[in-house]
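Notes follow the structure.
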Amino acid sequence: MTEQGRTIPALFSLQSGRPPRSPIHTQDRRRQPHGQLHLLKDTIRHMANMMDEFEALLNESFEMDTPEEGSVVKGKVIAIEAGQAIIDVGYKMEGRVELKEFADPGEAPKIDVGDEVEVFLRQVENARGEAVISREMARREEAWDRLEKAYAAEERVEGAIFGRVKGGFTVDLGGAVAFLPGSQVDVRPVRDAGPLMGLKQPFQILKMDRRRGNIVVSRRAILEESRAEQRAEVIGNLTEGQTVDGVVKNITEYGAFVDLGGVDGLLHVTDMAWRRVNHPSEILAIGETIKVQVIKINKETHRISLGMKQLQEDPWDLVAAKYPLESSHTGRVTNITDYGAFVELEPGVEGLVHVSEMSWTKKNVHPGKIVSTSQEVEVMVLEIDSAKRRVSLGLKQTMRNPWEVFAETHPEGTEVEGEVKNITEFGLFVGLPGDIDGMVHLSDLSWDQRGEEAIQDYRKGDMVQAVVSEVDVEKERISLSIKGVGGDKFAEAVGGVKRGSIITVTVTSIEDGGVEVEYEGMKSFIRRSDLSRDRAEQRPERFSVGDKVDVRVTNVDSKSHRLGVSIKAREIAEEKEAVEQYGSSDSGASLGDILGAALKGDD
């Protein structure tokens, strides 16, 4: 019997199934009839050896001729039909492979009749008697071997992005599929990955696990490495102070990134112009080519700071000459904060109007309620600090002090009219011309009532008439008097009255502590102890409303408009006068005699 060119000896007769007879054996058996047993044993031993050799040859033939399932074998394309390639893998075995397994992502299949290819033998024979093979699995096995070596050597691998999955993309690495996270696509977030699909490009393997079939790759690592090399080369050719051309690559809230030919520099918003720039998009556009100056280069971090305003004339060089102290100028409000407002005098020169310098009268008001953004205002230069590039401005200094104006137009004694703005425990605040307030103290509310009682008659918003009593410009205070309207009645009433004068008053009220009396419309109060020289007569109830009583003036207070009077003081004064006129301390006359004589003299 012949198998694959090998001849296997016939061990048994095809007719009888017995071992063939040998002439020698026959002769020996004839000559040695008693040696048949030995001959049989030799024959059996020979047959056993032959069987062992046959089994060894058969096993060797199977091992050499039939490939192991799950291995990669070489084959030859013998035909292409119905979208499949028919491949002869030898050993009298053929298999079929879909043509798409011979195509790279996004490309047409590359296979022709006669091509030798490697395929993966999944099964030696299926139900149709064909071998089950796969080109894709063969490429995968081959790719894994190649990728493991590249991963161990930290070498780059080539692949193509062919699909999008959650969190990233899928990459074909020549037969093995890897995962590319979205964060590893580029050094900056990629909004449109369309131009990258199907493009063969290098990747770096970050992690791989053959048992689980997981591979994670990075395109960003390749770009960063190339970018770092390029940056190092470009930065090596740059010097601080150098003027270069760049393209605006990206714009943010705080500035713009400018491409200097392979390396990006940051142009901060404060270095774009000498004037205030609220947002970089006001003066720049993406893709625009601009001229910038290299301000600073960090050799370690490869960060480059750029500037545009450094290529322009610094307006601060002429500030001191153009804006002398106490000079007034018109500016535009550019920004408002809690502590004041910034006013632009010219592009690149701004000054601060502190909240305390904004208004003479509005002390605790937010600056936004006094000025508004973009408003044209007149300001005065108060201070210049060229080293710190600061200008202090004043808004109220361009207007006259309203207290000075009021003092000039309303001297003391002038009558004014105003609205009650506020009521406090010590008086009223009345609104006056010039957006200022004057105060009416409790003691200046009424001639007849005490201040605590008189203030109850006023309400916020009432219009009142008052007289200017005093104006203190430095302290920004104005004192008013409501009871002074129409003249000083007290001065008119007591014009001829002096301390020690005897006047006649009328009792208007009886109280426990004394009696209230009136003189020419001015009221005064006589305390119980001043009702009589005699303690027994110091009784308020002995008086009646309407009684006329002679009293001695003890005090005239023009400021408080108070008249002090006393019955007791009058009696003591009369006694002293009588003693001086009608007797002396050593005349021997009694007090009764003296008073009697004085009374007769009066009669």
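These values consider heavy atoms only, across backbone and side chains, with no hydrogens, waters or symmetry-generated copies. Only a predicted model underlies this, so the values are computations on that prediction, with no experimental measurement involved. Numbers here are sequence positions counted from 1.
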Requested in this report: Report the C-alpha distance between Asp186 and Arg219 in whole Å, list the side-chain angles of each, state the deciding distance to 0.1 Å, and finish with yes or no for side chain to side chain contact (heavy atoms under 4.5 Å, CB included).
Outcome: CA-CA 6 Å; Asp186 205 331; Arg219 178 175 177 268; 3.9 Å; yes
Query raised in the report: Near Arg400 CZ, under 6.0 Å, is it more than 12 heavy atoms from other residues, nucleotides or ligands?
Result: yes
Requested in this report: List the steps and the verdict of side chain to side chain contact (heavy atoms under 4.5 Å, CB included) for Arg276 and Glu350.
Outcome: CA-CA 8 Å; Arg276 178 186 294 271; Glu350 279 187 349; 3.0 Å; yes
Query raised in the report: Quick check: does any side chain N or O of Ser386 sit under 3.5 Å from a backbone N or O of Arg389, one acting as donor and the other as acceptor?
Result: no
Query raised in the report: Under 3.5 Å, is there a donor-acceptor pair between the Glu357 and Gln397 side chains?
Result: yes
Query raised in the report: Among Ile304, Ile290, Leu260, whose side chain to side chain contact (heavy atoms under 4.5 Å, CB included) with Val244 holds?
Result: Leu260
Report summary line: Between Ile222 and Gln204 the two heavy atoms that sit nearest each other are CD1-OE1, 3.7 Å
Requested in this report: Assign the ring pair Phe406 / His410 to parallel, tilted or perpendicular, where the plane angle (0 to 90°) is split at 30° and 60°.
Outcome: parallel
Report task. Output the distance between atom CG (Asp472) and atom NZ (Lys475), rounded to the nearest 0.5 Å. Result -> 5.5 Å
**Report entry** Reported CD1-to-CD distance for the pair Ile205 and Glu155, which is rounded to 0.5 angstrom
**Finding:** 9.5 Å
**Report entry** Audit row: Val349, Arg275, side chain to side chain contact (heavy atoms under 4.5 Å, CB included) steps and yes/no
**Finding:** CA-CA 7 Å; Val349 179; Arg275 66 177 179 86; over 6 Å; no
Query - Flag side-chain contact, heavy atom, 4.5 Å: Ser305 against Leu266 - result: no
Requested in this report: Could you tell me which non-hydrogen atom of Pro280 sits nearest to which non-hydrogen atom of Met272, and how far apart they are?
Outcome: CB-CE, 3.4 Å
Query - Check: Thr170 side chain, Gly163 main-chain N or O, donor-acceptor pair, under 3.5 Å - result: yes
Report task. Grab the two heavy atoms, one from Leu284 and one from Ile251, that are nearest each other, plus how far apart they are. Result -> O-CD1, 3.8 Å
Query raised in the report: Distance-only, no hydrogens or angles: does the Glu408 side chain make a donor-acceptor pair with backbone N or O of Val405 under 3.5 Å?
Result: no
Report task. Return the minimal non-hydrogen interatomic distance between Leu432 and Gly438, and the atom names on each side. Result -> CD1-N, 3.7 Å
Query - Test item: Ile215 and Phe179 side chains (from C-beta on) under 4.5 Å apart, heavy atoms - result: no
**Report entry** Donor-acceptor under 3.5 Å (Trp403 side chain, Glu474 main chain)
**Finding:** no
Query - Glu412 CD to Ser479 OG distance, which is reported to the nearest 0.5 Å - result: 9.0 Å
Requested in this report: Give a yes or no on whether the backbone of Ile297 and the side-chain of Glu240 come within a donor-acceptor separation of less than 3.5 Å.
Outcome: yes
Report task. Any chance you could measure His441, atom NE2, to Leu480, atom CG, to the nearest 0.5 Å? Result -> 13.0 Å
Query raised in the report: Under 4.5 Å between any side-chain heavy atoms of Val217 and Gln184, yes or no?
Result: no
Query raised in the report: So do the side chains of Pro315 and Leu318 get within less than 4.5 Å of each other, counting heavy atoms only?
Result: no
Query raised in the report: Is the shortest distance from a Lys or Arg side-chain nitrogen in Lys291 or Asp245 to a carboxylate oxygen in the other one below 4.0 Å?
Result: yes
Query - Lys363/Glu476 salt bridge by N-O under 4.0 Å criterion - result: yes
Query raised in the report: Is the shortest distance from a Lys or Arg side-chain nitrogen in Asp462 or Lys421 to a carboxylate oxygen in the other one below 4.0 Å?
Result: no
Report summary line: In this structure, OG1 of Thr330 is separated from CD of Glu344 (nearest 0.5 Å) by 13.0 Å
Requested in this report: May I ask you to test the Leu428-Leu445 pair for a side-chain heavy-atom distance under 4.5 Å?
Outcome: yes
Query raised in the report: Of all heavy-atom pairs between Tyr151 and Lys207, which one has the smallest distance, and what is that distance?
Result: OH-CA, 4.1 Å
**Report entry** Beyond-backbone contact of Ile482 with Asp444, side-chain heavy atoms, under 4.5 angstrom
**Finding:** no
Query raised in the report: Could you state the interatomic distance from CD (Glu470) to OG (Ser481), rounded to the nearest 0.5 Å?
Result: 12.5 Å
Report task. Begin from the C-alpha positions of Glu158 and Gln201 and carry the test side-chain hydrogen bond (donor to acceptor under 3.5 Å, both in side chains) through to its verdict. Result -> CA-CA 6 Å; Glu158 191 177 68; Gln201 52 192 316; over 6 Å; no
Query raised in the report: What are the two closest non-hydrogen atoms of Phe429 and Asp437, and how far apart are they?
Result: CD2-CB, 4.5 Å
Query raised in the report: Is any NZ, NE, NH1 or NH2 atom of the basic residue among Asp145 and Arg210 found under 4.0 Å from an Asp or Glu carboxylate oxygen of the other?
Result: yes
**Report entry** Check against side chain to side chain contact (heavy atoms under 4.5 Å, CB included), Val430 and Val416
**Finding:** CA-CA 10 Å; Val430 179; Val416 294; over 6 Å; no
Query raised in the report: Looking at Leu382, Leu345, Leu352, which one forms a side chain to side chain contact (heavy atoms under 4.5 Å, CB included) with Leu393?
Result: Leu345
Query raised in the report: Can Glu225 and Arg156 be counted as an ion pair, charged N to O under 4.0 angstrom?
Result: yes
Query - Donor on one side chain, acceptor on other, Gln375 and Arg332, under 3.5 Å - result: no
Query raised in the report: Would you say the side chain of Val420 lies within less than 4.5 Å of the side chain of Arg459, judging by non-hydrogen atoms?
Result: no
Query raised in the report: For atom CD of Glu313, is the number of surrounding heavy atoms from other residues, nucleotides or ligands below 6.0 Å larger than 12?
Result: no
**Report entry** Test: Lys322 and Glu346 ion pair at under 4.0 Å
**Finding:** yes
Query raised in the report: Is the side chain of Trp274 donor-acceptor paired with the backbone N or O of Gln310 at a distance under 3.5 Å, no angle test?
Result: no
Query raised in the report: So, do Thr337 and Phe342 sit near enough that their side-chain heavy atoms are less than 4.5 Å apart?
Result: yes
Query raised in the report: Looking at the rings of His329 and Tyr323, which for Trp means the six-membered one, are their centres under 6.0 Å apart?
Result: yes
